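Worksheet: the structure to be examined is printed underneath.
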Amino acid sequence: MPEGPTIVILKEEVQKFSGKKVIAATGNAKIDIDRLINKKIINFKSWGKHFLICFDGFTVRVHFLLFGSYLIDQDKTAQIRLGFTFPNGEFNLYACSVSVLEGDVNDHYDFTSDVMNPHWDPKKAKAKLKDVPTKMACDVLLEQDIFAGVGNIIKNEVLYRIRLHPETETGKIPDAKIREMITEAKNYSFDFLKWKKKNELKKHWLAHTKKTCSRCDLPIVKKYTGVKKRRSFYCENCQKLYS
DNA sequence: TATAATGTTTGAAC
DNA sequence: AGTTCAAACATTAT
């Protein structure tokens, strides 16, 4: 379900509930659901893969993990984790992680580390990468403190685009290539957003789940790499391992 | 049908 | 004390 761009799409889809009062709220989320009733939603925000439902004085944080889903003006035969009824429709969340953040949401997040956010700051990302020279490229791209919103698909596509081997240690990567990594983390995320909206995300994958390299026609390697052990798809011929 | 997958947190074990 | 690891959560396409 997730990766940052998908949460941005969700945020757009629920805009009609922004400013609306919660008439009823249900679900099996382990939060005080009753406190949401009769309260107005100030707005919806996102930080990386976190979906944020902002009320006056607190925020409901939703994380979809791997299998979470949502429906607008529909329900399905699954337990509702958190469901809202508004004067103009309903919004149901399933199989997600739900928690409450007290106070101002801006005190909980640094929006400059979210690749999808207008305040995204590539310079900060560069500084953070300097601090983790022994971590592999495949791991640092998934670090939400550095690249909030980047998931495994984006990771694989970014590394393929910039021709960088997933197992390269960050400290060994030339400066220009580091800059490319940071630039493409954002660029591909916005391509992801554009293609996902058109329902043609998979069509554009060049590495993720692919069998052969579109550049050299040699096999794409599938390997669980790094400390995080997420699957990487890469071309050993085209993606350079700096050492 | 069994498996693996766009993810993260927690707590035990080393 | 730091790291490593499995477990837990729960859905769906292949």
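Protein chains get the first letters and strands the later ones, always in sequence-line order, with residue 1 at the start of each. It should be emphasised that the depicted structure is a prediction, and the values quoted were computed from it without experimental measurement.
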* With distance as the sole criterion, is a donor-acceptor pair present between the side chains of A:Lys177 and A:Thr168 under 3.5 Å? ->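 No pair is found: no donor N or O on one side chain lies under 3.5 Å from an acceptor on the other.
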* Asked: Taking atom types as modelled, is there a side-chain donor on A:Ser232 or A:Lys155 under 3.5 Å from an acceptor on the other?
  ->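 Yes.
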Given atom [atom1] of [X] and atom [atom2] of [N], what is their separation to the nearest angstrom?
X        : N      : atom1 : atom2 : answer
A:His50  : B:dT6  : NE2   : C1'   : 15 Å
A:Leu159 : B:dT6  : CG    : P     : 14 Å
A:Asn152 : B:dA4  : CG    : P     : 15 Å
A:Arg81  : C:dC9  : CZ    : P     : 11 Å
A:Trp205 : B:dA5  : CH2   : C1'   : 10 Å
A:Phe51  : B:dT8  : CZ    : P     : 17 Å
A:Tyr70  : C:dT11 : OH    : C1'   : 16 Å
A:Lys228 : C:dT3  : NZ    : C1'   : 14 Å

* Go through the steps for A:Lys45 and A:Asp114 under the test salt bridge (charged side-chain N to carboxylate O under 4.0 Å, His left out), then give the verdict. => CA-CA 12 Å; A:Lys45 286 176 174 278; A:Asp114 176 1; over 6 Å; no
* With sugar-phosphate meaning primed atoms plus P, OP1 and OP2, does A:Lys222 contact a base, only sugar-phosphate, or nothing at under 4.0 Å between heavy atoms? ->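 Sugar-phosphate, no base atom in range.
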* To do: Select base, sugar-phosphate, or nothing to describe what A:Lys76 touches, counting heavy atoms under 4.0 Å on all strands.
  =>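 Sugar-phosphate: the residue A:Lys76, judged by heavy atoms under 4.0 Å, touches backbone atoms but no base.
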Nearest-Å distance once atom [atom1] is located in both [N] and [M]:
N     : M     : atom1 : value
B:dT6 : C:dT4 : P     : 23 Å
B:dT3 : C:dA7 : P     : 15 Å
B:dA4 : C:dA6 : P     : 15 Å

* Nearest-nucleotide comparison on DNA chain C, the residue closer to the 5′ end among A:Lys202 and A:Tyr94 ->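 Closer to the 5' end of DNA chain C: A:Tyr94.
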* Using the closest heavy atom to pick a nucleotide of DNA chain C for each, name whichever of A:Ala95 or A:Val227 lands nearer the 5' end. =>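 Its nearest nucleotide lies further toward 5', so the answer is A:Val227.
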Phosphate-side-chain proximity, [X] and [N], N/O vs OP1/OP2 below 4.0 Å:
X        : N     : result
A:Lys49  : B:dT8 : yes
A:Tyr224 : B:dA4 : no
A:Lys229 : C:dC5 : yes

Closest to the [X] side chain, choosing from [options]:
X        : options              : answer
A:Gln144 : B:dT8, C:dT11, B:dT6 : B:dT8
A:His63  : B:dA4, B:dT8, C:dT11 : B:dT8
A:Leu65  : B:dA4, C:dT11, B:dT8 : B:dT8
A:Arg231 : B:dT8, B:dT6, C:dT11 : B:dT6

* **Pair A:Glu102 + A:Arg35: basic N to acidic O under 4.0 Å** =>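 Yes.
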* To do: Could you tell me whether a side-chain N or O of A:Gln239 sits under 3.5 Å from a main-chain N or O of A:Leu159, the two making a donor and an acceptor?
  =>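 A pair under 3.5 Å: yes.
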* **Among A:Phe190, A:Trp195, A:Phe192, the one residue meeting side chain to side chain contact (heavy atoms under 4.5 Å, CB included) with A:Pro5** =>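 Exactly one option meets the side chain to side chain contact (heavy atoms under 4.5 Å, CB included) with A:Pro5, and it is A:Phe192.
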* Which base, if any, makes a Watson-Crick or G-U wobble pair with C:dA7, both distances under 3.5 Å? ->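 C:dA7 is paired with B:dT9.
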